[in-house]
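Written below as structure tokens is the structure these notes are about.
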Amino acid sequence: MAEMRTGPIGHDELALAARNHGMPLEALRYPITPAGLHYLLIHYDIPAVDPGAWRLEIDGNVATPLTLGVEDLAARPRVTVPVILECAGNGRALQSPRPLSQPWLLEAVGNAEWTGTPLRPLLEEAGMLDGSVEVLFTGLDRGIEGAIDQAYERSLPLAEAIGDDVLLADEMNGQPLLPQHGFPLRLIVPGWYGMTQVKWLHRIQVLTEPFEGYQHTNSYRFAASENDPGEPLSRIRPRSLMVPPGVPGFPIRTRHAEPGPTLVQGRAWSGLGAIERVEFSSDGGATWADAELTPATGDFAWCGWTFTWEAEPGEHELCCRTTDETGATQPLEGEWNVGGYSNNAVQRVPVVVAEPVG
Ligand SMILES: Nc1nc2c(c(=O)[nH]1)N[C@H]1C(S)=C(S)[C@@H](COP(=O)(O)O)O[C@H]1N2
Ligand SMILES: [Mo]
């Protein structure tokens, strides 16, 4: 089980944080996140891939196993969809104690346009046989986690895997996938947390038994204590974030803003349903007012919001909170859990408002 930490970030956590960067929150401005600003999470190393030699195998409980190269996939029907990706560990470093893992604050998010071919027709071509229950997706990357030598792999229940929106993506924002985002092929399952979106995909197996690999049984479960097996994580809980207004300090990034009407902008999303509401607070969540929403550009993309804040001199704590069509919303305090997952507590942005000097 995970080693728990309190207090300052250790070198081991820093080693992860320096490789796996978040999306700077000012990038919430862009409706589509530029590839270089999208967050990144890689458990092991970026694998070396020769695209000429690379093949995708589709096998397991199927009538006709398939082998496809980069060009075979590119020749298939293509769709492009904007999809919000968020790491299930986003917010982990805000809980205490936290497990030793990637110490995210709030930036493990991005909303890129993914292009690729729908998965279901490929599974149909392979001909899934009776008794199929799950589909397993395996990446080319390998490492040792929980003392187990493993490839990164995750399964999906069959009903989810054959969903209309599940894609095998080879492009991000109209360009071939960057090495760090899974070149040459990754899975995109809109609405699900990041761990589902297997990168460097090279094998898809149809299974007759539920998969019990490390990334299902030991990780990505919502567990209240070390003894609680917990429920598996799946869809993204609602979250809203704002571009912190004003200017930051350096090296301490406290915000400094000037008095007067201040347009605060941000984004909101949920993997459970469409966003219905975003609220804004300038007093740490004691009182709330509705923000104005701008519609999402797709069913699985984030939507925009704005609020004009009358900034008065003094110290303030700005917060935002969203509610989706299922009624799911963001708590004021996160729900503690062993893995530090799915912490969608409201964002808090301290701001000092003062007349500019000179
Ligand atoms: N093969 C492979 N796929 C992977 C991972 C990984 O380590 N290896 N990390 C997962 C996790 S935990 C997340 S949050 C997303 C991150 O996707 P991104 O780096 O493209 O933003 O990729 C997922 N897919
Ligand atoms: Mo993640």
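In listed order, ligands and their atoms are each counted from 1.
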Aromatic contact, Tyr39 with His21 (centres under 6.0 Å):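 No - the distance between ring centres of Tyr39 and His21 does not fall below the 6.0 Å cut-off.
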
Is the shortest distance from a Lys or Arg side-chain nitrogen in Glu317 or Arg348 to a carboxylate oxygen in the other one below 4.0 Å?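 So Glu317 pairs with Arg348 through a salt bridge.
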
Using a strict 4.0 Å threshold on nitrogen-to-oxygen distance, state whether Glu86 and Arg237 make a salt bridge.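 Salt bridge: no.
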
Just to be sure I read this right, does ligand 1 sit under 4.0 Å from the backbone of [X], its side chain, both, or neither, counting only heavy atoms?
X      : value
Tyr39  : both
Tyr220 : side chain
Glu86  : neither
Asp141 : side chain
His43  : both

Side chain or backbone, does [X] bring an N or O within less than 3.5 Å of an N or O on ligand 1?
X      : result
Lys199 : yes
Leu85  : no
Arg186 : yes

Of all residues at least two apart in sequence or in a different chain, which pass the salt bridge (Lys or Arg N to Asp or Glu O under 4.0 Å) check with Asp290?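 Residues passing salt bridge (Lys or Arg N to Asp or Glu O under 4.0 Å) with Asp290: Arg277.
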
Does ligand 1 have any atom sitting under 4.0 Å from a heavy atom of Glu153?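 Judged by the 4.0 Å heavy-atom criterion, Glu153 does not count as contacting ligand 1.
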
Could you tell me which atoms of ligand 1, counted from 1 in the order shown, lie closer than 4.0 angstrom to a heavy atom of [X]?
X      : value
His38  : 21 (O)
Val198 : 3 (N), 24 (N)
Ile42  : 7 (O)
Cys87  : 14 (S)

So Lys199 and Phe183, side-chain contact (heavy atoms from CB on, under 4.5 Å) or not? Walk me through it. CA-CA 7 Å; Lys199 303 192 271 191; Phe183 179 83; over 6 Å; no

Could you identify which residues cluster with Phe250, counting Ile, Leu, Val, Met, Phe, Trp and Tyr as linked when any side-chain heavy atoms lie under 4.5 Å apart, either directly or through a chain of such contacts?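 Its cluster partners, ordered by chain and number, are none at all.
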
Distance to 0.1 Å, residue and atom name: give those for the protein heavy atom nearest to [atom].
atom                    : value
atom 15 (C) of ligand 1 : Gly194 O, 3.3 Å
atom 24 (N) of ligand 1 : Gln197 O, 3.0 Å
atom 9 (N) of ligand 1  : Leu41 O, 3.3 Å

Cationic tip of Arg321 within the cone over Trp288's six-membered ring, i.e. under 6.0 Å and within 45° of the normal?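 Checked: cation-pi criterion met.
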
Anything under 30° is parallel, anything over 60° is perpendicular, the rest tilted; go ahead and classify His316 against Trp309.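 Taking Trp309 first and then His316, their aromatic rings stand perpendicular (interplane angle over 60°).
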
Quick one: does any side-chain atom of Asn227 pair with a main-chain N or O of Pro229 as donor and acceptor, under 3.5 Å?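 It does not hold such a pair.
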
Just do the side-chain contact (heavy atoms from CB on, under 4.5 Å) check on Leu233 and Ser342 with the steps written out, would you? CA-CA 8 Å; Leu233 297 168; Ser342 220; 4.3 Å; yes

